[in-house]
Amino acid sequence: MKFITWNINSIRARTEHLKALLSEKSPDVLCLQETKVRDEEFPVEIFEKAGYYVAFSGQKAYNGVAIASKFPFKGLKKDLFDTNGQKRTIEVAIENVTVINAYFPRGGERGSEKFFYKLEFFQKMKDYISKNHSVDELLLLCGDFNVARFENDVWDPELLRNEPGFMKEERDALERLIGIGLSDIFAELNPAAKHPFTWWDYRGGAFKRNHGMRIDYILSSHTLSEYAKECTAEREWRAKEKPSDHIPLVANFELSMI
DNA sequence: ATGGTGGAACGTCCA
């Protein structure tokens, strides 16, 4: 099973990139974040033409998540827990695999309302999974977590120590979530990768300077991570014309769905 | 503390 997660930063602004990703990479499952489109305007036809089923939960201008799959969904849930009306979570079952796709809040400076909203979101996700699932199931939690895990996951740990995305409180929240029995597939399979970033700010020539962060993850339950063979961050997608500020993260599992 | 760029939607928020 080939699995991709990508913060597309507007599905309508990235239509051509999306089509190219589907045809070139041909993932079995694709999770998207920041689709930024209402459900009634979601471009279902792109997926149908490419041979995918698709489920989505969006809103006007901000947030929005979607999951596309070559296999039909056996279950579908939106808004897994209270997020003040923001469309940030969606879950499907594909055969015997549960896929949770989430767009975690970016947060804000320490002590701000957004900072606490972000920390609460991590706690709620952890509680939701503990209550509704088990890490003994085949479970994938993926998306844009807006937190870098290790020092090697940011371009300048000292400079960013008190910035959103690398504060101790945020990293602790991510670690607690992973600690329920999930495995950070990219880190597990690429222990020697130097600065394996998944996001670069549009501002200040950040990509050219390689001022990035690893904030997108594919987390799998221990039962599923046994099958993980390969995980790659597709950096060239940030160098394209009109790119998203995030790149696709690809994971291959030696597991056939049918 | 501010500014840098991009998307949505058309003034200003969000990232």
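Side chains are part of it too, since the values below use all heavy atoms of this structure and drop only hydrogens, waters and symmetry mates. Numbered from 1 within each chain, the chains take letters A, B, ... in sequence-line order.
The residue among A/Trp199 and A/Ala13 whose nearest nucleotide of DNA chain B lies closer to the 5′ end is A/Ala13.
Contact of the A/Lys124 side chain with the A/Asp82 side chain is registered, since non-hydrogen atoms from C-beta on lie closer than 4.5 Å.
A/Lys87 has its NZ atom 18 Å from the P atom of B/dC14, to the nearest Å. Put simply, CG on A/Asn9 is 19 Å from P on B/dC13, counting in whole angstrom units. When the C1' atom of B/dC14 is taken as reference, atom CZ of A/Phe104 falls 19 Å away, rounded to whole Å. A/Glu113 has its CD atom 15 Å from the P atom of B/dC13, to the nearest Å. The distance between atom CG of A/Asp245 and atom P of B/dG6, rounded to the nearest whole Å, is 10 Å. In this structure, the CD atom of A/Glu34 is 19 Å from the P atom of B/dT5, given to the nearest Å. In this structure, A/His246 atom NE2 and B/dT5 atom C1' are separated by 14 Å, rounded to whole Å. When rounded to the nearest whole Å, the span between CD1 of A/Ile8 and P of B/dA15 equals 18 Å.
Checking A/Asn9 against A/Tyr202 by side-chain atom types alone, a donor-acceptor pair falls below 3.5 Å. At a cut-off of 3.5 Å, with distance as the only test, no side-chain donor of A/Glu241 or A/His17 sits close to an acceptor on the other residue. Using modelled atom types and a 3.5 Å distance limit, the side chains of A/Asn7 and A/Glu34 yield a donor-acceptor pair. A donor and an acceptor atom, one from each side chain of A/Asp144 and A/Trp199, are nowhere located under 3.5 Å apart. For the residue pair A/Asn63/A/Arg88, the side-chain donor-acceptor check at 3.5 Å is satisfied.
No engagement by A/Arg209 is indicated, since no non-hydrogen atom pair under 4.0 Å with the nucleic acid exists. A/Phe207 comes within 4.0 angstrom of nothing in the nucleic acid, heavy atoms only. Using a 4.0 Å heavy-atom cutoff across all strands shown, A/Arg38 reaches no nucleic acid atom at all.
Counting only heavy atoms from C-beta on, A/Lys114 has its side chain closest to B/dA15 among B/dC13, B/dA15, B/dT5. Between B/dA9, B/dG7, B/dA15, one nucleotide has an atom nearer to the side chain of A/Tyr62 than all others, and that is B/dG7.
For A/Lys36, no side-chain nitrogen or oxygen approaches OP1 or OP2 of B/dA9 to under 4.0 Å. For A/Arg12, a side-chain nitrogen or oxygen approaches OP1 or OP2 of B/dA9 to under 4.0 Å. For the OP1/OP2 pair of B/dG7 and a distance below 4.0 Å, the side-chain nitrogens and oxygens of A/Arg14 include at least one atom meeting the criterion. Here A/Arg88 reaches the OP1 or OP2 of B/dA15: one of its side-chain N or O atoms lies under 4.0 Å away.
Taking the C1' atom of each, B/dA15 and B/dG4 are spaced 13 Å apart, rounded to whole Å. Rounded to a whole angstrom, the distance from the C1' atom of B/dG11 to that of B/dG7 is 14 Å. Between B/dA9 and B/dG3, the two P atoms lie 26 Å apart (nearest whole Å). Across B/dG6 and B/dT2, the matching P atoms stand 23 Å from one another, rounded to whole Å.
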